[in-house]
Enquirer: 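I am attaching a structure below and will ask some questions about it afterwards.
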Amino acid sequence: MMKVVLKAYDLNNPKSSSRAMKAVSSLEGVESIKVDREKKTLTVIGNIDPYEVVCKLRKLMDAAIESAGPNKEENKEAVEKKKKEEEEKRRWN
């Protein structure tokens, strides 16, 4: 799972942000989209290629990749799950 944060300079009104969400959501593998109008960022999570996402968004507005990498929230969930499993084993032993 990848987390891609894009800087889109025209996300200040609801119409442009909904257009951006609609365009990016049409890509295969997208699981979550979050728009932050104050920071003018679009966060996309899923099995996606950052290049495809930014190309799709650039057809609508000026955009650039701010960061791309693995989804750290997914890693935190896995660590928490392991901790719970260890606690359950300790209780039963």
Side-chain angles (χ1 to χ4, degrees):
M1 295 264 286
M2 291 283 294
K3 180 178 180 180
V4 181
V5 180
L6 302 164
K7 186 77 169 178
Y9 300 100
D10 194 26
L11 283 178
N12 51 0
N13 61 20
K15 190 173 183 178
S16 63
S17 63
S18 66
R19 283 183 186 167
M21 287 181 66
K22 186 175 180 180
V24 173
S25 67
S26 68
L27 293 172
E28 188 174 328
V30 174
E31 290 190 13
S32 172
I33 302 171
K34 181 182 172 187
V35 176
D36 188 356
R37 288 190 200 143
E38 291 177 6
K39 295 180 183 177
K40 296 184 180 181
T41 60
L42 181 77
T43 305
V44 184
I45 298 173
N47 294 324
I48 50 173
D49 181 21
Y51 179 75
E52 289 180 9
V53 177
V54 77
C55 285
K56 190 78 165 183
L57 194 58
R58 280 186 181 166
K59 290 180 182 178
L60 299 174
M61 62 187 71
D62 189 22
I65 297 175
E66 193 169 288
S67 69
N71 186 9
K72 293 185 181 182
E73 292 175 6
E74 183 180 288
N75 295 338
K76 289 179 184 177
E77 291 174 359
V79 169
E80 289 176 9
K81 187 177 178 181
K82 283 184 181 181
K83 286 181 182 179
K84 287 180 182 179
E85 289 175 359
E86 290 176 5
E87 288 178 11
E88 288 179 13
K89 287 180 183 178
R90 289 180 190 168
R91 289 182 188 170
W92 293 105
N93 290 334

Enquirer: Out of curiosity, Lys3 NZ to Lys34 NZ, how far, rounded to the nearest 0.5 Å?
Expert: 7.5 Å

Enquirer: Tell me the closest heavy-atom pair linking Met2 and Pro50, and the distance in Å.
Expert: CE-CG, 3.8 Å

Enquirer: Same cluster or not: are Ile65 and Leu11 linked, directly or through other Ile, Leu, Val, Met, Phe, Trp or Tyr residues, by side-chain heavy atoms under 4.5 angstrom apart?
Expert: yes

Enquirer: More than 12 heavy atoms of other residues, nucleotides or ligands under 6.0 Å from CD of Glu28: yes or no?
Expert: no

Enquirer: Side-chain heavy atoms under 4.5 angstrom apart, residues restricted to Ile, Leu, Val, Met, Phe, Trp, Tyr: same cluster for Leu6 and Val30?
Expert: yes

Enquirer: Let me confirm one number: the CE-OG distance from Met21 to Ser18, rounded to the nearest 0.5 Å.
Expert: 8.5 Å

Enquirer: Would you name the heavy atoms of Ser26 and Ala23 that are closest together and state the gap between them?
Expert: OG-O, 2.6 Å

Enquirer: Closest heavy-atom contact between Met61 and Ala20?
Expert: CE-CB, 4.0 Å

Enquirer: Mind checking whether Pro14 and Arg37 have side chains closer than 4.5 Å, heavy atoms only?
Expert: yes

Enquirer: Measure the shortest side-chain to side-chain distance between Lys56 and Glu52 over non-hydrogen atoms and say whether it is less than 4.5 angstrom.
Expert: no

Enquirer: Are the side chains of Val53 and Leu27 in contact, using a 4.5 Å heavy-atom criterion?
Expert: yes

Enquirer: Looking at CG of Asp36 and NZ of Lys7, how far apart are the two atoms once the value is rounded to the nearest 0.5 Å?
Expert: 9.0 Å

Enquirer: For a 4.5 angstrom cut-off between non-hydrogen side-chain atoms, does Asn47 reach Met1?
Expert: yes

Enquirer: Is any side-chain heavy atom of Leu42 closer than 4.5 Å to a side-chain heavy atom of Ile33?
Expert: yes

Enquirer: Is there a path of hydrophobic side-chain contacts, each under 4.5 Å between heavy atoms of I, L, V, M, F, W or Y residues, that connects Val44 with Val5?
Expert: no

Enquirer: Quick one: do Val54 and Ile48 end up in the same hydrophobic cluster if we chain Ile, Leu, Val, Met, Phe, Trp and Tyr together by side-chain heavy atoms under 4.5 Å apart?
Expert: yes

Enquirer: Can you see which heavy atom on Leu57 is nearest to which on Ala8, and at what distance?
Expert: CD2-CB, 4.1 Å

